[in-house]
There are 2 protein chains.
Amino acid sequence: MVRENQASWGLSIQAIHRLPYYLQYLRQLAQQGTETISAPAVAAHFQLSEIQVRKDFAAVSTNAGKPRSGFPVHGLIRDMEQFLGYGNMNEAVLVGAGSLGQALMCYGGFTDYGLEIIAAFDCDPAKIGTEIHGKHILPADKITDLCRRMKVPMGIITVPASQAQLICNALVEGGVRGIWNFAPVHLSAPEHVLVQNENMAASLALLSKHLFRDTGEE
Amino acid sequence: MVRENQASWGLSIQAIHRLPYYLQYLRQLAQQGTETISAPAVAAHFQLSEIQVRKDFAAVSTNAGKPRSGFPVHGLIRDMEQFLGYGNMNEAVLVGAGSLGQALMCYGGFTDYGLEIIAAFDCDPAKIGTEIHGKHILPADKITDLCRRMKVPMGIITVPASQAQLICNALVEGGVRGIWNFAPVHLSAPEHVLVQNENMAASLALLSKHLFRDTGEE
DNA sequence: TAGATTGTTAATCGATTAACAATC
DNA sequence: TAGATTGTTAATCGATTAACAATC
């Protein structure tokens with residue numbers, strides 16, 4: 001379900017998924033006062049190969065490593081933060097103020113990643129007009145208009161699967177260019193709109209298979 | 001950050017991530033009364049190649065397709081549900097009753113995937129003893145004991161990154177064999193414990209890069 | 001029958017890993 | 001210096017795609 005554009009950054013999608021974990025570790029090292037870190041040390045921590053770590057570092061960072069000592073921790077942190085686009089500020093609207101949607105609105109952690117939820121929508125008349133985490137819930141039929149007026153670049157979809165495509169259309173109509181989709185459904189969107197799926201169903205399936213494998217067979 | 005065991009099912013991890021979307025679509029078709037569906041039709045809907053769809057279907061389903069008509073929708077649904085382990089019931093404890101943790105507790109959708117959160121823990125004395133969604137919040141130092149006594153197979157981690165490894169250790173100590181980790185940090189766990197990371201930071205980074213790419217260059 | 005669709009076997013593509021010279 | 005570590009170039013591995021005979 002991942003579409004397009006992975007090629008353009010010199011890093012595979014898989015590699016990009018490793019970066020936030022590298023960054024967290026490097027920050028931890030920095031906090032402990034560690035100045036440099038070697039690829040083999042990082043690899044050991046993550047149970048990856050040292051070559052993979054070196055390749056990943058080389059792809060996002062201009063900070064060359066030095067034989068014997070390794071890579072400068074602070075330099076790597078800076079380059080990774082920049083590559084990951086932390087610091088970039090992205091405004092988003094959220095659609096679907098159910099339990100998951102409310103949680104994302106309340107969750108403070110996203111500001112670290114430069115995400116700010118500036119408005120929320122719902123279809124339920126009982127929710128419209130109420131406030132969650134200091135933000136009014138607006139009626140869903142205002143999505144297109146508000147996104148267009150405020151030039152909102154991003155939408156977060158936390159509605160049930162059956163409504164997700166309609167909401168997606170409304171967001172696209174409003175000029176949104178990125179969609180973070182929590183509904184377990186494929187969304188059709190124009191080429192220039194990136195749909196990023198948060199696939200919790202697959203995570204749970206993998207866990208379930210693992211748990212039942214040990215008891216089931218062999 | 002994905003470890004071990006992908007080989008054992010004849011499906012790549014990427015393929016498994018496609019399954020929940022197939023399943024949702026097939027259920028939708030079934031509801032509309034559609035009896036059979038062809039691989040090219042499914043491929044068109046998801047913007048995938050028809051060969052990939054056929055390979056995926058063949059890997060999870062014994063329901064053979066018929067030339068001209070395609071695959072039986074109901075048969076595919078049954079086989080996919082079984083493969084994904086829906087129907088299997090998994091009990092889990094959740095650690096970290098912050099906004100994200102609370103949302104996961106309240107979110108009803110997980111029961112569809114066979115997940116039941118039977119207890120929640122937190123370190124914050126202000127939260128301990130309170131009730132969320134009908135469940136008492138227990139003190140974190142009881143994790144190991146309760147997991148062991150109740151033979152809980154799975155833990156969900158929604159604590160801050162700095163505490164995640166400690167919580168992970170407590171869960172493993174208690175005999176948990178699967179961990180769903182929402183903290184943006186790599187967890188070390190024994191071979192037999194599957195750590196499934198929910199990598200929201202990477203999703204946001206990909207969205208952020210996409211949004212800034214269009215404005216930035218070219 | 002004709003043609004759409006299947007399933008299988010081979011080819012391609014991309015990511016990871018291995019080999020190794022360079023260097024602090 | 002010796003040896004750990006880097007960065008690069010080549011080899012391997014796995015997933016996706018292409019080719020094509022079989023079939024309803």
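Excluded from the calculations below are hydrogen atoms, water molecules and symmetry mates; all remaining heavy atoms, backbone and side chain alike, are included. In what follows, every chain begins at residue 1, and chains take the letters A, B, ... in the order their sequences are listed.
Between the side chains of A/Tyr86 and A/Asp112, no donor-acceptor pair of N or O atoms lies under 3.5 Å. Between the side chains of A/Thr144 and A/Glu173, not a single donor N or O lies within less than 3.5 Å of an accepting N or O.
A close approach under 4.0 Å does occur between a side-chain nitrogen or oxygen of B/Ser49 and OP1 or OP2 of D/dT17. Here A/Gln14 does not reach the OP1 or OP2 of C/dA15: none of its side-chain N or O atoms lies under 4.0 Å away. Contact between the side-chain N/O atoms of B/Ser12 and the OP1/OP2 oxygens of D/dG14 is not found at any separation under 4.0 Å.
Taking a pair as Watson-Crick or G-U with both hydrogen-bonding distances under 3.5 Å, the stems of three or more pairs touching DNA chain D are C:3-24 with D:3-24.
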Output a table of nitrogen or oxygen pairs between the protein and nucleotides 4-6 of chain D separated by less than 3.5 Å.
| unit_1 | atom_1 | unit_2 | atom_2 | d |
| --- | --- | --- | --- | --- |
| D/dT5 | O4' | A/Arg68 | N | 3.3 |
| D/dT6 | OP1 | A/Ala39 | N | 2.9 |
| D/dT6 | OP2 | A/Arg54 | NE | 3.2 |
| D/dT6 | O3' | A/Gly65 | O | 3.3 |

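Rounded to whole angstrom, the span from the CD atom of B/Gln47 across to the P atom of D/dT17 amounts to 13 Å. Rounded to a whole Å, the CD atom of B/Gln52 is 16 Å from the P atom of C/dC13. Distance, A/Ile13 CD1 to C/dG14 P: 14 Å, rounded to whole Å. In this structure, the CD1 atom of A/Ile51 is 21 Å from the P atom of C/dG14, given to the nearest Å.
Salt bridge status for A/Arg27 with A/Glu81: present, with a side-chain N to carboxylate O gap under 4.0 Å.
Residue-to-nucleotide contacts include a donor-acceptor pair under 3.5 Å from the side chain of B/Lys55 to the base of D/dT17.
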Take B/Asp56 and B/Gln52 through the side-chain hydrogen bond (donor to acceptor under 3.5 Å, both in side chains) test and state the conclusion after the steps. CA-CA 6 Å; B/Asp56 289 344; B/Gln52 190 166 52; 5.4 Å; no

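Ring geometry for B/His45 against B/Tyr25 counts as parallel: the plane angle stays under 30°, on a 0 to 90° scale with 60° as the upper cut. Classification of the B/Phe110-B/Tyr107 ring pair by plane angle, with boundaries at 30° and 60°, yields perpendicular.
Side chain of A/Glu91 to backbone of A/Ile118: no donor-acceptor contact under 3.5 angstrom is found.
Scanning both residues, A/Ala161 and A/Ala183, for their nearest heavy atoms gives CA-CB, 4.2 Å.
No close placement of the A/Phe46 and A/Tyr21 rings is indicated, their centers lying 6.0 Å or farther apart.
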